Amino acid sequence: MIIHIMKRIYFFTVFAILSNTLAYSEVFRFSFKEGEIQKMTSSVQEAVYFNGSFSFRTEIINRIVAKVTEISEEDRRSAFYSCHFMVSEKTEDGKFNWGKEYNSTFWRDEMGRYSISNKYFMPMIRDIPSFPEYDVKIGDSWVMQAHEAYDFSDVFGMKTPIIVPFEVEYKYSGTEEENGELLHIIDVRYQKDYVIPANLLQRMSHIKNEVYPIQTRVESKQRIAWSQEHGNIAFYDEIFTIYLFLNDGETVEYTGSSHSKTTFLEKNIEIKEQEDIRKDIEKLNLSDTNVKKTEKGLTIVLENIQFAPNSAILRDSEKEKLKSIAQVLKKHGKKDILVEGHVVFSSTE
């Protein structure tokens, strides 16, 4: 009996040693390369409810171009980003219209924490993910503070965002492989309640016939796939619910999901890709068409787009021009390229 118990203890000890050996730890830190371009595209599928009754569905596309323009000379543990944000939303006819555009600059350190001027509204969610000072193993959890910036500039003319702090729960849940790279999965969860401060409510109440929120609640569950190779997020998925409690007693609920993926480009690679696209467009010898680099990224500009007289229908020549450009874009695969058009209406042939 004693021997049997000792065998069990010995087996348990060996198992514990093996388990501790296999449960290796990871050091999660953001890393930076000066000149690196990070392009993030997120798609948000959202359903809207009024007082619990379904109203409509919508889709929102967010495009972000972030460039590392400077790295801290002291310790190289933080970087200065220059960013451009573009938001588009699907309309009832199934087309996308551009919404607001934002420019922003900020410092971000290797732990994920932001240093940003209060004149910038974006990014809205800041300091996610943030990491602890210690190493973490699969199954470990930690709690960090994050911040959200509320934009009341359109409705209430506020020139700076309202910054709200909240706590975020993290768990290192495991790994998975994608396209030959081992990615680390971090589960993120938070619930945030925000009561609009009295001074802002007073300002809102002065707007006649205006319905406005007096309290908000956000519930979010995210699954972040972290790339140790890039020291950044490879992609993430989110399920969220946003509640707006209005001053007239009604409630608006936004429930949905989002997916975001990051593409990393070194400066010299991006320049070469842009030059290749520019050359291919120029070979087409299209009139009133040029390619330029803007803060929004690579942009194909179509001047003097022609429509049939008194019509919203493009002339055949314009349709052929767009087909030719589409073939060039198809050749270069999934690149973030903006196409701008300047329209000329004619009333006679």
Side-chain angles (χ1 to χ4, degrees), residues 42-62 85 87-92 97 99-102 104 114 116 118-130 143-170 187-224 236-260:
S42 69
S43 174
V44 180
Q45 309 290 332
E46 189 175 78
V48 182
Y49 298 81
F50 287 94
N51 297 322
S53 298
F54 173 77
S55 180
F56 63 93
R57 296 184 185 277
T58 187
E59 182 178 356
I60 301 170
I61 302 295
N62 299 293
F85 298 79
V87 181
S88 59
E89 186 169 358
K90 183 179 287 187
T91 58
E92 292 181 357
N97 286 339
K100 297 188 70 171
E101 297 189 28
Y102 300 84
S104 178
Y114 282 72
I116 182 171
N118 64 359
K119 70 179 181 180
Y120 293 119
F121 292 96
M122 298 293 280
M124 178 182 295
I125 302 296
R126 303 167 184 180
D127 310 319
I128 294 181
S130 290
V143 177
M144 304 292 287
Q145 190 175 74
H147 298 82
E148 182 171 5
Y150 283 87
D151 181 0
F152 292 118
S153 59
D154 283 344
V155 179
F156 304 109
M158 299 187 65
K159 296 182 179 180
T160 58
I162 302 295
I163 308 299
V164 180
F166 58 97
E167 287 192 340
V168 182
E169 299 175 3
Y170 297 91
D187 292 325
V188 183
R189 180 194 298 260
Y190 63 87
Q191 179 175 312
K192 175 177 59 65
D193 288 279
Y194 174 58
V195 178
I196 309 295
N199 62 330
L200 186 54
L201 286 177
Q202 185 177 13
R203 185 172 181 173
M204 292 177 176
S205 65
H206 288 172
I207 300 177
K208 295 182 179 179
N209 301 320
E210 187 71 38
V211 176
Y212 53 85
I214 59 174
Q215 182 179 347
T216 67
R217 176 179 298 158
V218 179
E219 298 172 359
S220 173
K221 294 180 182 179
Q222 299 178 19
R223 179 177 179 270
I224 292 176
Y236 76 81
D237 295 289
E238 179 184 20
I239 298 174
F240 64 88
T241 303
I242 302 171
Y243 300 93
L244 298 181
F245 302 96
L246 307 180
N247 63 316
D248 61 359
E250 296 189 340
T251 303
V252 184
E253 177 186 339
Y254 303 86
T255 299
S257 61
S258 65
H259 174 78
S260 179

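Note that these values count all heavy atoms, side chains included, but never hydrogens, waters or copies made by symmetry. All figures in this text were calculated on a predicted structure; none of them were measured in a lab.
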Do [X] and [Y] make a side-chain contact, defined as non-hydrogen atoms from C-beta onward lying under 4.5 Å apart?
X      : Y      : value
Tyr114 : His147 : no
Pro161 : Asp151 : no
Val252 : Leu246 : yes
Tyr49  : Thr251 : no
Ser104 : Phe121 : no
Val44  : Glu59  : no
Val211 : Asn247 : yes
Val168 : Arg189 : no

Side chains of [X] and [Y]: do they bring a donor and an acceptor to under 3.5 Å?
X      : Y      : answer
Thr160 : Tyr120 : no
Glu238 : Ser257 : no
Gln145 : Glu167 : no

Nearest-0.5 Å distance that lies between atom [atom1] in [X] and atom [atom2] in [Y]:
X      : Y      : atom1 : atom2 : value
Ile163 : Ile116 : CD1   : CD1   : 7.5 Å
Ile60  : Gln45  : CD1   : CD    : 9.5 Å
Met124 : Phe85  : CE    : CZ    : 10.0 Å
Leu244 : Tyr212 : CG    : OH    : 14.0 Å
Ile128 : Gln222 : CD1   : CD    : 5.5 Å
Glu253 : Asn51  : CD    : CG    : 10.5 Å

Donor-acceptor pair, [X] side chain versus [Y] backbone, under 3.5 Å?
X      : Y      : result
Asp237 : His259 : no
Asn62  : Val87  : no
Tyr170 : Ser130 : yes

Exercise. Can we say Arg126 and Glu148 salt-bridge, meaning some charged N sits less than 4.0 Å from an Asp/Glu carboxylate O?
Worked result: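 Looking at Arg126 and Glu148, the cut-off is not met.
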
Exercise. Has Ile239 got more than 12 heavy atoms of other residues, nucleotides or ligands less than 6.0 Å from its CD1?
Worked result: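 Open.
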
Exercise. Taking atom NZ of Lys192 as the centre, does the number of heavy atoms from other residues, nucleotides or ligands within less than 6.0 Å exceed 12?
Worked result: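 Buried by this count: over 12 neighbours within 6.0 Å.
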
For this session: Could you give me the CA-CA distance, side-chain angles and deciding distance for Asp193 and Gln215, then say whether side chain to side chain contact (heavy atoms under 4.5 Å, CB included) is met?
Result: CA-CA 7 Å; Asp193 288 279; Gln215 182 179 347; 3.8 Å; yes

Exercise. Taking the inter-plane angle between the rings of Tyr150 and Tyr194 on a 0 to 90° scale, is it parallel (under 30°), tilted (30 to 60°) or perpendicular (over 60°)?
Worked result: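 Rings of Tyr150 and Tyr194: parallel, under 30°.
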
For this session: Applying side chain to side chain contact (heavy atoms under 4.5 Å, CB included), run through Asp187 and Arg223 and close with a yes or a no.
Result: CA-CA 5 Å; Asp187 292 325; Arg223 179 177 179 270; 4.1 Å; yes

Exercise. With a 6.0 Å cut-off on ring centres, are Phe240 and Tyr254 close enough?
Worked result: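 Phe240 vs Tyr254: aromatic centres not under 6.0 Å.
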
Problem set entry | Which atom of Val164 lies closest to which atom of Phe166, heavy atoms considered |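 Heavy atoms only, the tightest pair is O-CD2, 3.7 Å.
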
For this session: Dump the intermediate steps for side-chain hydrogen bond (donor to acceptor under 3.5 Å, both in side chains) on Tyr236 and Ser42, then the final yes or no.
Result: CA-CA 9 Å; Tyr236 76 81; Ser42 69; 5.1 Å; no

